[in-house]
Every structure is written in C-alpha cells, then in structure tokens.
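The next block holds one structure in the form of structure tokens; read it before the comments.
Values reported hereafter were calculated over all heavy atoms of this structure, with side chains retained and with hydrogens, waters and symmetry mates removed. In this chain, residues are counted from 1 in sequence order.
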Amino acid sequence: MALFREFEAPPECPVFEPSWQDFSDPFGFIHRIREIAENTGICKIRPPQGWQPPFACDVRSFRFTPRIQRLNELEALTRVKLNFLDQIAKFWELQGCKLCFPHVERKLLDLYLLSKLVSAEGGFEVVCKEKRWSRISSRMGFPAGKGVGSLLRSHFERILYPYELFQTGVTLTDVDEGIGGGEEEGPDEDEEKERRAERRSPRRLKDEVSFFIDLYMCMACGRGDEEDRLLLCDGCDDSYHIFCLIPPLQDVPKGDWRCPKCVAECSKPREAFGFEQAVREYTLQSFGEMADHFKSDYFNMPVHMVPTELVEKEFWRLVSSIEEDVIVEYGADISSRDMGSGFPVRDGKRKLIGDEDEYASSGWNLNNMPVLEQSVLTHISGDISGMKVPWLYVGMCFSSFCWHIEDHWSYSINYLHWGEPKTWYGVPAHAAEQLESVMKKVAPELFDSQPDLLHQLVTLMNPNLLMEHGVPVYRTNQCAGEFIVTFPRAYHSGFNQGYNFAEAVNFCTADWLPIGTQCVAHYRRLQRYCVFSHEELVCKMAADPESLDVELAAAVVRELGDMIEEESRLRAAVQETGVLCSEQEVFELVPDDERQCWKCKTTCFLSALTCSCSPQRLVCLHHAAELCSCAASNKCLRFRYEQDEFPAMLYGVKSRAQSYDTWAKRVTEALAADNKSKRDLIELKVLLEDAEDRKYPENSLLRSLRDTVKEAETCSSVAQLLLSQKQRHRSVSLTVEELKVFVEQLYRLPCVISQARHVRELLESVQDFHERAQAALADETPDSGKLQALLELGSGLELELPELPRLKQELQQARWLDEVRLTLMEPQRLTLELMKRQIDSGVGLPPHHAVEKAMAELQELLTLSEHWEERARACLQARPRHSLLTLESIVMEAKNIPAYLPNVLALRDALHKAKEWTAKVEAIQNGSNYAYLEQLEGLLMRGRSIPVRLEALPQVESQVASARAWRERTARTFLKKNSTYTLLQVLSPRVDIGVYGSSKSKRKRVKELLEKERGLELDALSDLEDSVEDTRDPAAVVAAFKARERQELEAIHSLRAANLAKMALVERIEEVKFCLCRKTASGFMLQCELCRDWFHGACVPLPKAGSQKKLVSGSKESKFLCPLCQRSRRPRLETILSLLVSLQKLPVRLPEGEALQCLTERAMGWQDRARQALATDELSTALAKLSVLSQRMVELAAREKTEKIINAELQKAADIRETYGYDVKVCDESLHTRSTNTNPVAPRKQPRKTPLVPRSLEPPVLELSPAAKAQLEELMMEGDLLEVSLDETQHIWRILQATHPPSEDKFLQVMEVRYAVTVHALVSCVHALTSLICCAPAA
C-alpha cells in the first residue's frame, strides 16, 4: 500500500491541427489520425484558425440541476478506506462506544492501511508472535526507533482486532478452543474468567445454593448469575455477560448496546454508490457566479491566474484525502434536445443569422456528426440520447467525470464551447482489460458489491497508481474551441479546471463494426443491457447497400458473413434439441425492453426462443438451455429472416464492395504507365470523380490518385502561369534550377501535360538571357540603357535569375553616375543637401571605380562649399559686422565655386544693398536741403537690416534720435492729454471746420477729412511718402501753408455766419441742432467764442474760470472755446521760440518743424497787427477806462464776500435761538444793526459780464465805433484760430466783453428761461417722488 505522493502528470496525448482541406472531411481526417491516436486512447484536435461557431444556447432559459460530488468519495481506494472506517465506526457505535480515531506522530492513523498490512503479514496473532510491529511501522512510513510499533499494536488490539474477530464470525466456544489449544489450559482460562468476574462483581445477585429460574440468561454461557455484569441488547433483548463477549468488555457501556447478532448488520453489503442530485436549480449565470466564487476563494486568487498544474495536483490530493471533504457540483448529461445545443441547428425554433447557417451544416457540428453519411449511427432510426443526440456539460473547478468507456465501445467527441480548460486522461483500448484488473486488484471491495462498477461512471483512480501497475495513461488540457476524440474501448476520465460549457456525442465508423460485435459479446458475459441491437443495425445497412460507403460496405460484408455463419450454427443447435416450432417475427417493431434475453439481457433481432409456459419470456439462442425446464416440443423458435434470405442480402452488399476492385485495377495501371502509354490528365480526373461519387474508401491508392491529380493540376497551373502573356498577373517565380527541375517533373508525371513543350522553350530563353547578361556585366563602364533592357527582359521571364541582382546593382550605379553628371552640369541647382543626398545614395551602392571617382569629386566639392558657406554665415552673423572691403574679398573668392551657396548669395546681396544704401546717404548729405525725418528713418531701418558695417549708420541714427526727441518735446508742449489730433494737425491750419464728431458716422467723416488734410499737407509741405526730392524748396512749403490759412479763414467765416443765423430762429428753436451731438437745445449750454455755436454742458468740458452755477448766472463771465476750436494747450510764444531755436540746430527736416515755423510767423504777424490796432487813440482810451472799472470791481467783490460771511453767522444764530428757545446776544452792535437792516431776501445778483465790469453796471460799458469793433472782432477771430497764447488776445477779449451786442439778449433770455423751466420741472418731480415715498408706509 503506497502512501500519497505529489501528483506527476502523465505524458501528453497527440494534438492535431488540420488544414482547412483536412477539416472539411471529419471522418476522413479522424481515419487518417486513427493509427496514431488510438495508441493513446484520446487525442486533441484544434480547428483551423477562424473556425469559431457562435454559442447558440438560450442563456436566459437554460436551467439545470447539477449532481453533487464529494471528491474523496470518487477515488476507488479512498472510497474503500471511507467505507472501512464507516463500518468500524458503526461497529463500535452499536457496541455503545463512540470511536475516536487515533493520531500517531501528529498524523491521523490510517486504520485501513494498518489492517491491510497486518492481514498481509499473517494476522494479529502472527504479527504479535513474530514481533513484526516495527516492520509494520516502517511500511506505514513512520520513523524507526520511536516505539511506534508498540503504539500500533495497542491501537490495533483496541480498535481493529475486535472488529476482525466479529467479521470472522467467531463465537466464545470457538475462541476457547482456538486460543486454549489443550485441555490443561481450559480450566486456567475458566478460572481466570471467574476471577475476573469476581473482581468486577463484589456482590452476587443470587445465592449459589438457592434454586430458582433466572429472569435473564447469558446467551453465551447459559447462566444468569452476575447480573451486574449482564448486558441487555437494545435491539433484540438478548443478554450477554460483559466477560463472555468477544472481545470482553471492561465495563458496562453507558449508551445503547447491540448484541453480536444485531451488530451483524454492519457486514451487510452497502448500497450501490452513485451521485445525488442537488436541490437547487441553476441558470448559467448563477452557476458561473457560484463556480468562480468557489475557485477564487479556494485558491485565494483570481480564477484566470490559477495555473492548471496547481489545480491538477490539488485535485488528485483532494480525491486521495480522507480528512478533507470538498463538495462540488457538476451539470452533467443535460440533453440538448431539452435545453438546446451549443451549436446552431436548423430546428425551426429560431432564424439563423450571419454565419450560423454555415456552422449549422458543418460536419464538426456535434448534432450532425453522428448522422453523417459515413457514420454507422445514421442507420439507427431512433434518436438515442447521449449517442445520437448530444449531451451538455456545465462544469466548475474540481467537478469530474470518472473512468469509463462509451456505450457499445463507440467513438466519442467532446467540444468545449467556452470557459476554463477541461483536463483529460486516457488509456488506449489494448490496455482496457489491464486497467480493469488493476482497479479490481486495488479496490476489490468495491467490485464485490458492484461488479459493473466501471459502467456506472462513479469511480476514479489516480493515474500515477495505474501507471505504477503498468497501465499506459495519457493526458491533455482541452481549451475552449478544441475537440477531444476518444477511440473505441478507450477508458477516459478527467475534471474541469473551472467554469466551462462542453458538448459531447458518440459516432461510429466502418472500422468500429467488429469492435461493436466484440462489445455485444462482452455485454452478454456481463449480462448488461444493450443500447441498441447490433444485429439489427448490420442487417439494416445490408438491406440498402447502395446507400453505403464502399469501405462501410466492405465492413458490412465481413460482419454480415460472420453473423450469418453464427446464426446458422445456433439455429441448427436449437433444432437438434428438438424444437420443431418456428415462427417469423418482425423484431424491429417490438419494443427493445420486450425482446431482451431473459438471461444475458441482450436485445434479440435475428432470432429468439420462447416457451408456452411463459410466453413473455424469451432468450437468445446462446442461452436456449436457460429458458425453462419444459420439453423442447413446447418451445418455439422466432426468427427475423429465413435462412434463404441471407445469401441474397450478402450478395447485394458484396456487389457494392466489389465495384471498388475494378476501379482500383484501372487506377493502378494509370499510375504505373510509361512515357509511351501515358494517359491524359482528364482520364485521371474521371477516375478520381468516380471514386468520390461511389464513396470508395480513403486508402493509399485513392490518396495516390488524388495526390497525382493534384500534382498534375498544380504543374499545369504553374506552367500556364509561366507561359502567360499577362505578366502582371503572374504569381509564380522560379529559379533557373527550379525551372529545370520543373521541366523534369512535367515529363516524369504519369499523365500528359500540354504545356510541357512550351516550358522547355522558356528554359532555353532563360539560358540565352544568361549569356547576354554575362556580356553586359563585363563592360568597363555600366550602360544604363543596355542594363535596363536586360532587366526588363529578365523580369518578363518571371524567374529568379541569378544575374538579375547584379544587373540591378549595375543599373543603380549607372543611374547614379548619370544623375551626378547632370547635377554637375547645372551649378545653380547643386545645393549642399543635394550633394549630401547624392553622396548618401552613392555610399549604399556596391563598389565600382567610376562610382568611387565621382564620390571623391562630390565630396571635395561638398567640403569646399561647406567651408565657404560657413564663412559666409559667420560674416552675416558677425558682431561687430565686417566692412565692405572684407566682404567683397570673400564674395570674390567664392564666386568660382560651381554650386548653389545660399549664404554666399545672401552675403553678395547684402553687399549690393550696402552700396546702394551708402550711395543714397551720401546723396542726401550732399544735397542742398536737409532730408525729412521719415526719409532718414526709412534709411535707418534698411541700414540696420544690412549685415554689413556702414560707416554713415551711426550719424544717421544720431540725427534721427535728435529729430525724434525734438518732435516728442514739441508734442508734449502742444498736445493735450489723450488728444485725438497729431502734432502736425495741431500746428497746421484746420480742415475740419464745420464737422462735429459725436456719432460714429461723424467721427468717420472727421477721420476722412483729417486724412485728406494730412494728405494735402504732406503733398504741400513735405510729400515724404511719394517723392522727397521734389519738395526740397522751403518757399513751396510756406506758400502751401499760406494757402491753407486762407482756406481756414474762409471756412470759419462761413461757420460763424451759419451759427449766428441760428439766433434768429428763437421761435423754432426745437428744430435747430446744436453741439457736438447735433441735438436740440436743452439744459445748461455754452457758446463758443470762435465758431459761435452752442454746446451742451454735458457734451463739452467746462471752462476752468468758473463753475456751472457761475456760468448760468452770467454766461459772459468766462471765455469758452469748444474742443473743435481749441485743439492744443496753446503755449506762449516765448516757449515756441525756444523750440524753433532747437529746431535750427537739427540737420533734419521735419514736417512739424516747418509747420511750427509757419505757425510762429503767422502768430507774430497777427501780434503786430493787433498791437497796431490797440495803439490807436480810440482803443487805448478804452483800455484805460477798463482798468479803472476793474479796480472798482475788485473792491466790490471784497465787500460782497464780507456781507456773505456776516449773513451766514446771523443765520446760524437764528437757528440756535429757534432750536433752544432763547436769544443770542450779539456783541457787535454795528453788526446787529447791519443785520436787522439787511433785507431778509437776498437781492438778485446782477449777471457778471466780465472781470472788468462790476455787477451793478449793465453793459455796454464801452462804446466803440463800428469800424473799430469790426476790426477787433476780426482780430479776435484770427487770434482764436492760432494755437498760441498771446497777451493781445486777452486785451482784445476784455474790450469786446465791455461791449454787449444787443442781438444776443433775446436768445440768451430764451436759453435761460428754458433752463430754469427744466430745473423747476426736475425739482417738482423730486418733491412728488419724496411725498410718495413718505406716504407709502402709512398706506
């Protein structure tokens, strides 16, 4: 008995990977691999890549109830051990003792192994007598020298020995006689028992001398004494002394106790072992979740990461373990008829979509394989579940299928649709009986109770144990999408690595028929029921010979002949016994269970024997003597066919099989024909088609014919391709040697190929090409044209010519040389990159002296070009820059390089630009007038971009910087902050007179006018953008400026007249447009003193001289100029003169400078005219009078300020008295008097016309002559046009303010009244809103 060792995997079974052509014929392929695969019992078949049938089961409706499998009950030896331990435990339980299994050396003691070893050594007495316990300990694997033998003896004597005595049926008398051995020892034994009884029974229940009938008597000794040692059986009420039992008990058991008769129940045969069904019903999803959860929990890792080797070792460890009890579930033997097949089928239940129709008709579809034309099962009319109808299997980790062979020793095929692998073990057919004998030898107890145990699929045995006994075992892992084929009478078993779904079915081929006959005989010996009648199957095939495959027909002939011979012998033997009655019966119409032999359970078909004593009972002719003891005359022979029908049936099948011989003879002659008697390829094809139509066997002759036809067709196709004129469509390329071999092959074929002669001519053309190519390759200088022609000729031959690679190399060299020559002839396109590419392409060419010479020239030119390019680039990027002379020398030196050098060209262009720039600067500097700033800025920008050192560039930069600084200084002097005008526009006469810029359209118009003005000014003043040389004359600039002045005066006169005309439209004031916004008059408004238009206070900035309140009370108090009339800060003339002095020092002409000069001359001219006018008697007198009035106004203003302060103090005192209820005394009486005399209502202030006119006086203060007044107004208008501040403008303004034009009074009063009404309306609205707000909470 070997202890459990780590599992070692058996060798792998063969794996086959058929091509698509092989895969198209399932039985043909299996027949070809049978010779190899049947030696291992099982094999694996991987379909071609891409054969993946869709899973067709309805997952939602698929429900099943699995079987429950306890792993340690599956293995034969483990089950024997468990049964033995169950019997031991039951024995001691019936004895009233609870058995506790002992441990030795920290391991559970294997009582079964101990019992077997002691029994093998001769039994307990022999082992004790010869002291073999140490040997027993060593055989059980315990270490020596630890006294384990004595411990084993103690356990055996205490636990196993009583059970063995009981098993042998020994009684007390037998023990006394066997152990006593002589008359002398008997009394000693009796005395010892008596002494033992006395020790255990200190008092007696009855007196020895008193005589009465005991109520209970010991069934062993027949006495009723020592009742305290007397046991009463709880099962049958028999009584036994505890010392009379075998073995004797030490004490009275505490629990229930059974006598030896009752304990005999444990020796009864156990019920047949089988799998029980689970209670829960699963769907595929719920079963998969349970299976994955079990596996991941068991191995403590994701299911897909558990190695198959680990699962395999753990499985065999668990099935061999008594201590570990692992339970799994297996959905096995689920009929596809009920749940649907995993393969697509044409059952009309659902419409096939996509490629399902292709898989539904495939021969590898397990629904089709049993009923293929070559299959024997096709001729069985009924559907046999599991054989003709596939069964489905849903597995989980460790769920297993035990050792078994298929019904009727048929083939089986299993396909794993999806899921984790399934591990298989197989034993070939020649070792089937060996496996059975080993299992019976290792576990005889199981076969004693179940002789047909191996037919029940409930028993495993470790493959390692079988291999130790010489049984060949092979294994494999079946993955998803793979087939497993088991061969006839090949035992197989296995288990699942995890959750998966498989489908299996049986099939039978012609080679199975003799094996099927052997199986029926084997079943007859075992008295096992048949699944179908083998005789009926053979006769049914013989009845329709034309439907049979030739090979199958030949097998049927052999089987039918043997069957007829055996049937004739049996009938004759029955008739010799005296059976005279016979009757024909159509057995196929009788149900199978009604025509089974009463003795051997075989299904009868050809004949059977019945008797009138029991008409329902029949036997086959093999067991005719077993029917009954009645006379032979009472018995009747029932038969299916008459003896005369057998020869005709055999002849029909034989004719079908013999047609093959004639065909074979013709094929043999055709394949052996010589060159003179060769047949055409078409004749061989006809023979092949005849074989396929008649379904001749797939033997070596047919394969030779098929191979020959295939070879001939291939050669014909290759020859046709070689000879085809459509070279683009050729797909065959041969070497010269291959062409020679091909020609030889064509003439060696046993048939005629029409293209053979043309192929030979092609070979001759190839040889001619070889000679010409050798001559071309011998030339000194490669000729691209000649080489190209040869390449085209060689490529057209569609052969792998050895000269072609060399010709291609030579052609590449020739083309490269041609390209280099053409490139060197055009230096303007010979760039550095092009030279590098050509050198790189030349480097990859095979060596040639012409190529090497050209490479050297190119490399030298490239090096020289890169040198000068680098020098030119350095010059272009040099800081400081190089002079003209240095760069000219570099350009001259690089001029003769025959290549395109962009840096050298850029340097040459820079030199050209530098010379032009220098010449232009010199021309400007040598001219009669200075250049404009814009001209110098353009020259400066161009000069800075030239990568050459320009001597005049610093001078130009200095001049430009000085001019820009002067312009910026002048702009800060004149321009307002955020001014929209340029300096040139401010200094030049206005062109936007009469244009208002409030809306986008008006701003756009102003912009157009300003651009027009700027264009005119540039045209007139400088014309820098078009032609600087044409405006060198300053006189033309002055003349243009004067012309613009005249236009400005004309425009302002027209504008003033138009704006003054608005004052006459007081009655229609709502129609008149004012201000920048060009809207009607509203609110507070101001009148411009220059353009005479009115402006809203919200649209223009207020004058700095006073607030809005002051302006409302007296609009003539401050001088107001609108933003369109006062465009600049208007600096004083002294400031402008300092700017002109700075301008004179600049060697640059500025349009702004010329405009400033003209403006200054205009201002000084106006100043002279104003002084002359003011120097007249009339105006000088007016100025003196205004001075006196101005002094009075100052004094009056001081008194008004003092009065204002006093009134404010009095008002505060009055507020205090009114608040606190008492009078405040005023210390200053004069002040009090003054306050009491003061009018409580402040007098209306007179509008202040001018700072020189007191408020108490109404203008006009002065009276001037109309001529003088007109002269002053004209001067005032011209002075306001000047963007210069002059004292004379103030003098003239003071005089004109002293004279009030009567025409303005009415318009001014209307404007004031409108403003007052507007203010009053606003105040009324505010009061009304305040009242509403105050009243809101009360409401």
Side-chain angles (χ1 to χ4, degrees), residues 16-36 48 363 373-374 509-511 548-554 656-724 730-763 798-799:
F16 300 97
E17 297 181 357
S19 63
W20 280 106
Q21 182 177 357
D22 295 334
F23 198 69
S24 62
D25 182 11
F27 286 160
F29 178 73
I30 293 174
H31 180 77
R32 286 195 293 275
I33 67 174
R34 181 172 68 103
E35 186 176 355
I36 299 173
E373 190 174 5
Q374 299 91 339
T509 56
D511 60 87
L548 301 180
D549 177 79
V550 174
E551 187 175 0
L552 181 58
R656 169 66 175 164
Q658 287 178 348
S659 64
Y660 169 76
D661 297 335
T662 305
W663 174 85
K665 182 178 179 181
R666 292 179 58 194
V667 172
T668 303
E669 292 176 356
L671 296 179
D674 55 10
N675 292 332
K676 295 182 180 179
S677 59
K678 284 185 179 180
R679 302 188 182 185
D680 195 81
L681 176 60
I682 298 177
E683 295 185 28
L684 297 184
K685 289 182 178 180
V686 170
L687 288 174
L688 181 60
E689 292 175 359
D690 189 22
E692 293 175 349
D693 292 341
R694 294 176 175 270
K695 302 174 184 177
Y696 288 155
E698 187 70 24
N699 53 18
S700 58
L701 184 61
L702 178 58
R703 286 194 290 270
S704 298
L705 176 61
R706 184 181 290 111
D707 294 342
T708 300
V709 171
K710 183 178 180 180
E711 182 183 5
E713 289 178 341
T714 303
C715 291
S716 177
S717 300
V718 172
Q720 186 65 33
L721 289 174
L722 288 173
L723 300 174
S724 175
R730 295 182 185 177
S731 58
V732 179
S733 181
L734 302 177
T735 63
V736 178
E737 294 300 324
E738 289 174 343
L739 182 60
K740 293 179 180 179
V741 173
F742 180 61
V743 171
E744 295 175 359
Q745 183 182 8
L746 288 175
Y747 284 92
R748 191 174 59 249
L749 287 172
C751 58
V752 178
I753 303 298
S754 59
Q755 298 90 349
R757 180 174 59 84
H758 301 289
V759 175
R760 178 178 289 178
E761 293 175 358
L762 176 62
L763 178 61
E798 288 296 331
L799 296 174

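Ion pairing between Arg666 and Asp690 fails under the 4.0 Å rule for side-chain N and carboxylate O.
Residues Cys751 and Leu684 share a closest heavy-atom pair of CB-CD1, 3.8 Å. Of all heavy-atom pairs spanning Asp22 and Phe29, the tightest one is O-CB, 3.7 Å. The minimum heavy-atom distance between Pro48 and Pro18, with the atom names listed, is CG-O, 3.5 Å.
With hydrogens and angles ignored, the 3.5 Å screen pairs a side-chain donor or acceptor of Thr708 with a backbone N or O of Ser704. Of the possible polar contacts, one joining the Lys678 side chain to the Tyr747 backbone as a donor-acceptor pair under 3.5 Å is found.
Applying the side-chain contact (heavy atoms from CB on, under 4.5 Å) test to Arg679 and every residue at least two apart in sequence or in another chain returns Glu669, Ala670, Glu683. Qualifying ring-ring contact (aromatic ring centres under 6.0 Å, His included) partners for Phe742, counting only residues two or more places apart in sequence or in other chains: none. Residues satisfying the side chain to side chain donor-acceptor pair (under 3.5 Å) test with Asp680, not counting sequence neighbours, are none. Remark: Val667 pairs with Trp663, Leu671, Leu687, Leu701, Leu705 by the side-chain contact (heavy atoms from CB on, under 4.5 Å) rule, at least two apart or across chains.
Every pair passing salt bridge (Lys or Arg N to Asp or Glu O under 4.0 Å) that includes a residue from residues 740-756 is listed here, sequence neighbours excluded: Glu737-Lys740. Identified under the salt bridge (Lys or Arg N to Asp or Glu O under 4.0 Å) test for residues 705-715, with sequence neighbours left out: Lys685-Glu713, Glu698-Arg706.
Distance check, rounded to the nearest 0.5 Å: CG of Leu552 to OG1 of Thr509 gives 9.0 Å. Interatomic distance, CD of Glu689 versus CD1 of Ile682, reported as 10.5 Å (0.5 Å rounding).
Side-chain contact check for Ile36 versus Phe16: some heavy-atom pair is nearer than 4.5 Å. Residues His31 and Asp25 form no side-chain contact, since every pair of their non-hydrogen atoms from C-beta on lies 4.5 Å or further apart.
Within a 6.0 Å sphere centred on CZ of Arg760, other residues, nucleotides and ligands contribute 12 heavy atoms or fewer.
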